[in-house]
Novice: 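Sharing a structure here in structure tokens format.
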Amino acid sequence: MSDNVVTRIAPSPSGFLHVGTARTAIFNYLFARHNDGKLLFRMEDTDPERSKEEWKEAIINAMKWLKLDWDGEIIYQSQRIDIYKEYALKLQELGNAYYCYCTPDELEAKRKKALEAKEFVGYDRKCLHLSEERRQELDAKGVPKALRIKTPHEGLASFSDIVGGDLTRDYLEMDDWVIMRSDGRCTYNFCCVVDDHLMGITHVIRGNDHIINTFRQCTVYDRFGWDRPNFAHIPLILGKDRSKISKRHGAVSVMDYDTQGILPEAMFNFLSLLGWAPGDDREIMTRQELIDAFTLERVTGANPIFDPVKLEWMNAEYIRNMDDNEILDRVRWVMIDAGLTTRLSVEAHWHWMLQVVRLLKERVKTLRDFPTQARYFFTDEYEYDEKGERKHFSDSAVIALLIALRDEFSGLSDGFGEDEIEKALRSLAERLEMKPAKLIHPTRLALTGLTGGPGLFELMHVLGKEKCIARLDRAIEYLEEKFS
Ligand code: GLU
């Protein structure tokens, strides 16, 4: 591939960054970076009713979250209205566009009639045949006029798609569509081509719901005599029920996944594999590995399925393999948000927090799981799990066991090392002639309120001697009351 590849991402700010658009952005990014090319960013914000500032900002933030660094400044279509107009008039001067004076009512009536008769619904080209005299007359009256492109009237429209192969459509099914409305504003397909041409886009990579637009857009390239870019239309992402992914399937806004505790690295990796595969069995791939492996030829023709379970699995893998400091740096906000700690406290107890992270990183799927699973490290306010209580706190004999354990642990060093804790518990079990599990389960329930979690000796070390003793005392007191 030549080294002057230029791709673009062109979101419409009519909502937050959708996972489908994010996937398209990722493919454009990977293709550009693989070819040492450029990725440009164009905001398609010409529709004032649907484009909101907050959505533009949200889209930019989501692009940044995914580290989809684009080249150059963002191009805003809303600032280029005059350029589009200039090009529309140019096309008219070239004789490839003509004014249409038909009123909306007239057009609607014709459309209805055609629909009823099951005939071609497109524009009937009435104004193409107006005499110069008639045109001047209408202009003199100030009748509003739109500009329509001249589409070939016969033969096949075709383009070659890198993913879909040769695609064709009968020109008979296409009409002379409006490129500039009577208010001087140009329409979407026209602006898109003018921009792609002026921006020097070599590869248009987008969802295959745009194929219908591409046929129209090709007419614009042809009528200007411009080279067409390469097109690659990628299959749309489906939900597990094989319908187009929507809110029904869960979050569709990329940043909702941030809120859910998904790492951007995992999201990037996951979305890269929706409709593309490296050709071997790799799934966890770094950004650089993805860049190195990415080619459009490997984009699959079939619709990929968005599987949230797989995303969580991948996220868990990323968390497990991430540096502890890095995880803590990200998860601290989630912990603070959950009210477990404060910014200052995290800073003051960074080393201790790292130990908590280390204990839990193998067991969580998302960053959100950290506060849930780490609660007992930060607060004494927890209840005993109901099921656990029925299992391990149902016999008053457990009181004596907890007292023995408390006494055993009291004799240990302040460092409260994992090994010495383990040794103490096991030797007590031996002396009492019981299995260590008989002591381990009630101890865990007393210290954490839970029945599962990281290794007991490790978590006891992180909790520290003082807390462990105090919590055993609390459980003893609770049980004494319960059985009194
Ligand atoms: N603005 C269009 C969209 O958000 C994309 C247009 C394009 O990629 O050509 O779907």
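Below, each value reflects all heavy atoms present in this structure, side chains not excepted, and no hydrogens, waters or symmetry copies. In listed order, ligands and their atoms are each counted from 1. These numbers were taken from a predicted model, which means no experiment stands behind them.
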Novice: Looking at Cys192, which atoms of ligand 1 are within less than 4.0 Å of one of its heavy atoms?
Specialist: 9 (O)
Novice: When you look at NZ of Lys110, are more than 12 heavy atoms from neighbouring residues, nucleotides or ligands closer to it than 6.0 Å?
Specialist: yes
Novice: Sequence neighbours excluded, which residues qualify as salt bridge (Lys or Arg N to Asp or Glu O under 4.0 Å) partners of Arg330?
Specialist: Glu265, Glu326
Novice: Looking only at distance, does His210 have an N or O less than 3.5 Å from an N or O of ligand 1?
Specialist: yes
Novice: Taking the ring centre of each residue, are Phe27 and Phe294 less than 6.0 Å apart?
Specialist: yes
Novice: Identify, by atom number and element, the atoms of ligand 1 in contact range of Arg8, meaning under 4.0 Å from any of its heavy atoms.
Specialist: 7 (C), 8 (O), 9 (O)
Novice: Applying a heavy-atom cut-off of 4.0 Å, say which part of Tyr188 lies close to ligand 1: side chain, backbone, both or neither.
Specialist: side chain
Novice: Within the distance-only criterion (no hydrogens, no angle test), does the side chain of Arg368 pair as donor or acceptor with the backbone N or O of Thr259 below 3.5 angstrom?
Specialist: yes
Novice: Looking only at protein heavy atoms, identify the closest one to atom 5 (C) of ligand 1 and say how far it is in Å.
Specialist: Ala10 O, 3.3 Å
Novice: Answer yes or no: are there more than 12 heavy-atom neighbours, outside Glu386 itself, under 6.0 Å from its atom CD?
Specialist: no
